[in-house]
Peer 1: 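To start, I am sharing the structure in question, which I have written as structure tokens.
Just so it is clear, the structure is predicted and the values come from calculations on it, not from any experiment. Order of appearance sets the numbers: ligands from 1, and atoms from 1 within every ligand.
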Amino acid sequence: MKKVLLLGSQHGDERLGDSLIRRIKLYHPDLLKYVDFCIGNPKAHRLNKRYVESDLNRSYHKKLDTYEATRANKVLAKINDGGYDLVLDLHTTTDKVEPFFIAPFKHSGSIKNFFRISPISKIVIMQHSIVNKSLIGNTDNAISIEASVHMIDKRFLESLIESIEKFIQSGLTEAKVKDFFYVDLLIDKTNYTSKQFKQMKNFELFEKSFFPILVRSASYKRYKTYRGFGATFKETKEI
Ligand SMILES: [Zn+2]
């Protein structure tokens, strides 16, 4: 049997992890032998804020001296000590977008198996250097899931639990076709007019140039410099 860590609230105001573990405890308690849960940023979670001093998912680097940098080290230590086959880093967005994975370019066999098991069809491969400061760039078996707050319901949670259950039991399944989006740019706010931003649609090629991702997320609207990610290359392939 495989072991899975569910990492909730790397961003304190995102509650997919809470909803998922609550549902597992209530309706699938047998899974708790193989599934651990941890809150990434407890202080921000308590305050219902994205972060306290620095965005935790940009704090996985040595030079930083913030509460979140300390948490980043604790999260990595928990992952190393736990011997997990898979870490699911659970995020939500206010953007109306179908759920998708975010993964590093080089991913382990465990990650590939989970991609195959899951009905989620879009995989965003993070090639921009910000990945080096995020969780998935600093450990082997972690992937992020982004789900729209508008879509987190019983059906979505149950489908996620079913995938986790299948992964724990066998970890093997037949090949599946997935869409890969390779992110190598951040959508710089100063480069586009508000009219252009309105025209950008998630996962649809914009001006023959890139596929916007999370372009309408409230957290990125608040960021000073960029508004979501851009993928300049897309491929559909069997994995
Ligand atoms: Zn997040």
Side-chain angles (χ1 to χ4, degrees), residues 4-22 37-61 64 66-72 74-76 78-79 86-104 111 114 118 120 122-139 141-153 156-157 160 181 183 186-187 202-203 212-231:
V4 174
L5 176 67
L6 302 178
L7 181 62
S9 297
Q10 279 222 81
H11 296 132
D13 53 349
E14 298 177 7
R15 303 300 167 109
L16 175 56
D18 302 67
S19 309
L20 190 61
I21 196 66
R22 198 179 308 126
F37 175 65
C38 158
I39 287 181
N41 193 332
K43 225 183 220 179
H45 182 261
R46 235 172 1 252
L47 298 167
N48 199 27
K49 283 167 70 171
R50 188 170 175 85
Y51 59 83
V52 183
E53 291 180 281
S54 64
D55 183 331
L56 173 57
N57 210 23
R58 306 283 183 271
S59 300
Y60 290 81
H61 58 111
L64 210 59
T66 60
Y67 166 71
E68 276 84 2
T70 317
R71 282 301 307 165
K74 288 197 172 142
V75 168
L76 288 179
K78 176 158 181 78
I79 291 173
L86 183 70
V87 179
L88 292 178
D89 167 33
L90 303 160
H91 293 259
T92 63
T93 172
T94 55
D95 207 339
K96 283 189 177 132
V97 62
E98 64 177 281
F100 61 92
F101 289 117
I102 306 179
I111 290 179
F114 194 73
S118 169
I120 295 174
K122 287 183 168 56
I123 299 167
V124 170
I125 301 292
M126 198 50 81
Q127 291 189 294
H128 188 275
S129 59
I130 58 165
V131 73
N132 301 326
K133 296 178 181 180
S134 71
L135 172 76
I136 60 168
N138 286 279
T139 181
N141 286 334
I143 46 174
S144 307
I145 295 180
E146 279 284 356
S148 169
V149 285
H150 311 286
M151 282 189 57
I152 300 172
D153 55 11
F156 174 69
L157 294 173
L160 206 48
F181 293 82
V183 164
L186 304 175
I187 308 174
N202 285 312
F203 298 110
I213 294 159
L214 294 178
V215 68
R216 251 166 285 283
S217 135
S219 18
Y220 290 131
K221 275 186 197 162
R222 282 196 294 270
Y223 273 36
K224 283 192 185 67
T225 52
Y226 67 95
R227 226 175 114 164
F229 311 122

Peer 1: Enumerate the protein N/O/S atoms at a distance below 2.8 Å from the Zn ion (ligand 1), ignoring waters.
Peer 2: His11 ND1, Glu14 OE1, Glu14 OE2, His91 ND1

Peer 1: List in chain and number order the residues that pass side chain to side chain contact (heavy atoms under 4.5 Å, CB included) with Val131, two or more places apart in sequence or in another chain; answer none if no residue qualifies.
Peer 2: Met126, Ser134, Ile136

Peer 1: Heavy atoms only: give me the nearest Asp153-Phe156 pair and the separation to one decimal.
Peer 2: OD1-N, 2.9 Å

Peer 1: Hey, do the aromatic rings of Phe100 and Phe203 have their centres closer than 6.0 Å?
Peer 2: yes

Peer 1: Taking only residues two or more places apart in sequence or in another chain, which ones pass side chain to side chain donor-acceptor pair (under 3.5 Å) with Thr70?
Peer 2: none

Peer 1: Using the side chain to side chain contact (heavy atoms under 4.5 Å, CB included) criterion, which residues pair with Lys49? Sequence neighbours excluded.
Peer 2: Leu47

Peer 1: Can you tell me which residue among Asp89, Thr92, Leu90, Ile102 is in a side chain to side chain contact (heavy atoms under 4.5 Å, CB included) with Ile145?
Peer 2: Leu90

